[in-house]
Amino acid sequence: MKRGFYTIMSAQFFSSLADNALFVTAVELLRANGAPEWQRAALVPMFALFYVVLAPFVGAFADALPKGRVMLISNAIKVVGCLMMLFGNHPLVAYAVIGLGAAAYSPAKYGILTELLPASQLVKANGWIEGLTITSIILGVLVGGQLVGPTISDHLLALDFPYFDTGIDTPAEAAIAVLILIYVLAAWFNLHIPLTGVAMRPLRQDPEKSLLSNILGLLPDFWQCSKRLWADKLGQISLSTTTLFWGASGNLRYIVLAWGAAALGYSTTQASALVGVVAIGTAVGAVVASIRMRLDTATSVIPLGVGMGLLVVCMIFINSLWVAVPFLILLGGLGGFLVVPMNALLQHRGHNLMGAGRSIAVQNFNEQLAILAMGAFYSLSTKMGLTAFGAITVFGLIVAAAMLLIGMWHRHNCKRHPREVERLLEIARRDCCH
């Protein structure tokens, strides 16, 4: 890998670790404040909100500045969100601000890979970044669970500063203070990300128009980028697959917490370990995919998505930890093996069609819209009385049916447009065309 790749991975690791620890902390903060169940479920769609609203703008922003600088600014926004949560703002509002930072971070995080590396290394690089991201999820949910647990939180709350009242009085608040330091560490790595040498694409500005008019002028550009990616015979398949995967798995993170409480009687700290178990399987699947898969064979993993959906439904029959652990590892493994080559293929097509930042912004818009829609459905259903078991069944069936339709869509493309599909696959095989 080129110089700077491992600096990018380090920055991503610590930023993602703090994101995931903060999710568990926010759940506990709402629980401790006596918030209803639907508000805890609403954390997921609130985090996704700015991914959807700002998608037309963050991609262009990521392409206009060095991506290391964009990642630094994004981490600063996350720190602001943490401070809001720490000093009295409603956790859902503060968590949405943290989602704003994540929305700006993502196009730079993934886009810099296509600027730094050739096509032949994209699957391997995605294996690295997904593997480290999943590792950060494992550690993040465990760190978050332990920080709000009695053992560590008692020590944190015992710390006292003379002549200064921090206002930190609960385990969740103490955990948030620690996570701010992790975001600062990630920002330090951002400062050391090297320039890739790729020319920046400045934001189009008309001096005769107002700032608002110039910003809104990005909407037609985003719309054209979206149409271009959805019209691409490989881009549409990889985009629909990753959209479905993240829409389901983004909400499954909370559903596993709810399932742990309902099926096993676990607390937030105990149930957070189950999310880590799924992540272990995802990390293994991501690593195996990075070794065995290539860009031109990425679409062969589509049937695994159907199997993954059916496995999710089977969760409702499990009430033993000894059965749950290997089952969740297998479920995560299928997801990791599915998403790594599809992510790499989508990045490759997007980079060739419109530029890295804009491509990732289009991807994030679709994926986070799916998370937002599914999360809103789950939160509303919970408020209306749907159990965790019912939600798991619905999610699993949606994933299995949708992946089956995506597979049929790809076979239709191969039959009706064989020359175009083969041309795109040939581009994927050649680094000089990337």
Side-chain angles (χ1 to χ4, degrees), residues 110-111 113-114 116-131 133-134 228-249 281-309 332-354 356 359-360 362-364 366-367 370 399-400 402-434:
Y110 285 107
L113 295 182
T114 58
L116 194 70
L117 303 172
S120 60
Q121 289 189 324
L122 277 183
V123 174
K124 183 178 179 181
N126 269 269
W128 266 93
I129 200 167
E130 293 299 338
T133 298
I134 298 306
R228 204 174 305 158
L229 197 53
W230 276 112
D232 188 85
K233 298 306 178 188
L234 289 182
Q236 61 190 207
I237 301 301
S238 54
L239 180 55
S240 56
T241 301
T242 58
T243 295
L244 176 67
F245 174 84
W246 290 114
S249 64
T282 308
V284 172
V287 171
V288 174
S290 70
I291 296 172
R292 297 183 61 89
M293 298 300 296
R294 305 187 311 272
L295 277 183
D296 58 324
T297 60
T299 55
S300 64
V301 302
I302 291 175
L304 295 181
V306 180
M308 181 182 169
L334 288 180
F337 198 92
L338 170 74
V339 76
V340 163
M342 281 298 187
N343 252 347
L345 181 61
L346 183 55
Q347 290 165 21
H348 168 72
R349 293 306 310 144
H351 178 69
N352 282 352
L353 289 169
M354 66 200 68
S359 159
I360 302 301
V362 171
Q363 178 181 353
N364 283 340
N366 286 276
E367 292 172 359
V399 170
M403 286 303 302
L404 189 62
L405 292 174
I406 291 171
M408 295 170 61
W409 189 6
H410 179 57
R411 287 192 295 272
H412 171 80
N413 284 347
C414 292
K415 184 180 296 184
R416 294 290 298 273
H417 309 281
R419 290 184 180 179
E420 175 64 9
V421 172
E422 182 54 36
R423 184 184 72 83
L424 298 179
L425 290 175
E426 186 60 29
I427 293 175
R429 297 184 187 108
R430 296 177 180 271
D431 285 349
C432 60
C433 299
H434 174 66

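Note: hydrogens, waters and symmetry copies are ignored here, and every other heavy atom, side chains too, is used. Numbering starts at 1 and runs along the sequence shown. Predicted model, so just to flag it, every value in this text is computed and none were measured.
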How would you list, by chain and number, every residue that makes a side-chain contact (heavy atoms from CB on, under 4.5 Å) with Ala298, sequence neighbours excluded?
Pro341, Leu345
Tell me the salt bridge (charged side-chain N to carboxylate O under 4.0 Å, His left out) pairs involving residues 343-352, sequence neighbours left out?
Asp232-Arg349
For Ser240, give me all partners under side chain to side chain donor-acceptor pair (under 3.5 Å), at least two apart in sequence or on another chain.
none
Heavy atoms only: give me the nearest Leu244-Val399 pair and the separation to one decimal.
CD2-O, 3.7 Å
When every non-hydrogen atom of Leu346 is compared with those of Gly235, the smallest separation belongs to CD1-O, 3.9 Å
For the atom pair CG (Leu234) and CG (Leu424), what is the distance rounded to the nearest 0.5 Å?
5.0 Å
Less than 4.5 Å apart, any side-chain heavy atom of Asn413 and any of Gln236?
yes
Does Thr299 have any side chain to side chain donor-acceptor pair (under 3.5 Å) partners at least two apart in sequence or in another chain, and if so, which?
His410
Check whether any side-chain N or O of Thr297 sits under 3.5 Å from a backbone N or O of Met293 as a donor-acceptor pair, and report yes or no.
no
Roughly how far, to the nearest 0.5 Å, is CE of Met403 from OG1 of Thr241?
4.5 Å
Test: salt bridge (charged side-chain N to carboxylate O under 4.0 Å, His left out). Region: residues 299-308. Which pairs qualify, not counting sequence neighbours?
none
Whether His412 and His417 hold their rings parallel, tilted or perpendicular, with breakpoints at 30° and 60°
perpendicular
Out of curiosity, Leu425 CG to Lys233 NZ, how far, rounded to the nearest 0.5 Å?
13.5 Å
Pairwise salt bridge (charged side-chain N to carboxylate O under 4.0 Å, His left out) hits with a residue in residues 402-411, at least two apart:
none
State which residues pass side-chain contact (heavy atoms from CB on, under 4.5 Å) with Leu304; sequence neighbours excluded, sorted by chain then number.
Val301, Leu334, Phe337
According to side chain to side chain donor-acceptor pair (under 3.5 Å), who are the partners of Arg423, at least two apart in sequence or on a separate chain?
Glu420
